[in-house]
Protein chains: 2
Amino acid sequence: MLEGRWKLDIMFQLFGGHVRRFSDLERAIPAVSQKMLSQQLRQMERDGIVRRIVHPQVPPRVDYELTDWGQSLCPALDALLGWVAARPEAQASETKEPG
Amino acid sequence: MLEGRWKLDIMFQLFGGHVRRFSDLERAIPAVSQKMLSQQLRQMERDGIVRRIVHPQVPPRVDYELTDWGQSLCPALDALLGWVAARPEAQASETKEPG
DNA sequence: CTGTATCCATCATGATACTG
DNA sequence: CAGTATCATGATGGATACAG
């Protein structure tokens, strides 16, 4: 229950202390729907991974950023990415190069 | 497409160079169905994470073990586990203690 | 024992419309 | 802009039966 295909995309947008508005994330992750973006952000907020900052103004503005704990996922994620990059098949065809 | 709730459970059974039979894994992961166990093992084999060893005998016997690449996931997974264990809420209530 | 095939229930997600 | 509500759909996984 409660999956999350988009959480990783969201985190990548937020890593490095970046602050992004809802519409920023929408544009940066074109394949995600408003519903999913909103839902995953709420879950991540509940899980203490992202912080939601509402600016009381009109039109409304909401910023999202990683919490310290969320930021601290970076090394583990890098380790994972390194593992993926080190897979045996990577020797032969990691990128599709012309020719 | 092609999710995997059980791959982690399978890997934990196989880490440390352990060799397990299909029925071993079934018993070790009670909540998994034959269908899922078989399917996830096939995917992991295709992905180069596990090696499938068929013993030509009757009754049939099939062993599974991690490939070197599969084993090499261990450090990254530990990093992830460490991150989970380090979450802020862990301070207050990591386990449900009576009273 | 070690699977595969089939049917079925559930859930995650997308599309769309609507709101403040 | 930043969402929420609702409906429709396909993926995902469980149960069961069957097979070598």
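Numbers restart at 1 for each chain; the letters A, B, ... are given by sequence-line order, proteins then strands.
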Under-3.5 Å N/O pairs linking protein and nucleotides 18-20 of chain C:
none

Quick one: [X] [atom1] to [N] [atom2], roughly how many Å, whole number?
| X | N | atom1 | atom2 | value |
| --- | --- | --- | --- | --- |
| A/Asp63 | D/dA2 | CG | P | 8 Å |
| A/Leu37 | D/dA5 | CG | P | 16 Å |
| B/Trp6 | D/dG13 | CH2 | C1' | 9 Å |
| B/Arg61 | C/dC1 | CZ | P | 12 Å |
| B/Gln39 | D/dA15 | CD | P | 15 Å |
| B/Gln40 | D/dG14 | CD | P | 9 Å |
| A/Met36 | D/dT6 | CE | C1' | 13 Å |
| B/Tyr64 | C/dC1 | OH | P | 14 Å |

For the [atom1] atom of [X] and the [atom2] atom of [Y], what is their distance to the nearest 0.5 Å?
| X | Y | atom1 | atom2 | result |
| --- | --- | --- | --- | --- |
| A/Arg52 | A/Met44 | CZ | CE | 14.0 Å |
| B/Lys35 | B/Gln40 | NZ | CD | 11.0 Å |
| B/Glu26 | B/Met36 | CD | CE | 13.0 Å |
| A/Trp6 | A/Leu41 | CH2 | CG | 12.5 Å |
| A/His18 | A/Glu65 | NE2 | CD | 12.0 Å |
| B/Leu14 | B/Asp9 | CG | CG | 11.5 Å |

Does the A/Arg87 side chain pair with the main chain of A/Val84, one donor and one acceptor, at a distance under 3.5 Å?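 Indeed, once roles are kept as given, a pair shorter than 3.5 Å links the two residues.
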Sub-3.5 Å donor-acceptor pair from the side chain of A/Trp83 to the main-chain atoms of B/Trp69, do we have one?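 Yes, the answer is positive, given that a donor and an acceptor are paired below the 3.5 Å cut-off.
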Compare side-chain N and O positions of [X] against OP1 and OP2 of [N] and report whether any pair is under 4.0 Å apart.
| X | N | answer |
| --- | --- | --- |
| B/Arg42 | C/dT4 | yes |
| B/Arg52 | C/dG3 | yes |
| B/Ser38 | C/dT2 | no |

N/O contacts under 3.5 Å, protein versus nucleotides 5-8 of chain C?
none

Could you tell me if the side chain of A/Ile49 sits less than 4.5 Å from the side chain of A/Leu66, heavy atoms only?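 A side-chain contact exists here, since the closest heavy-atom pair is under 4.5 Å.
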Hey, does A/Ile10 have a side-chain heavy atom less than 4.5 Å from the side chain of A/Tyr64?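 A/Tyr64 vs A/Ile10: side chains apart.
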From B/Val19, B/Asp24, B/Val54, residue fulfilling side-chain contact (heavy atoms from CB on, under 4.5 Å) relative to B/Asp63: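 That would be B/Val19; it is the only one of B/Val19, B/Asp24, B/Val54 passing the side-chain contact (heavy atoms from CB on, under 4.5 Å) with B/Asp63.
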Going by heavy atoms closer than 4.0 Å, what residues in residues 17-33 of chain B are next to DNA chain C?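 By residue number: B/Arg21, B/Phe22, B/Ser23.
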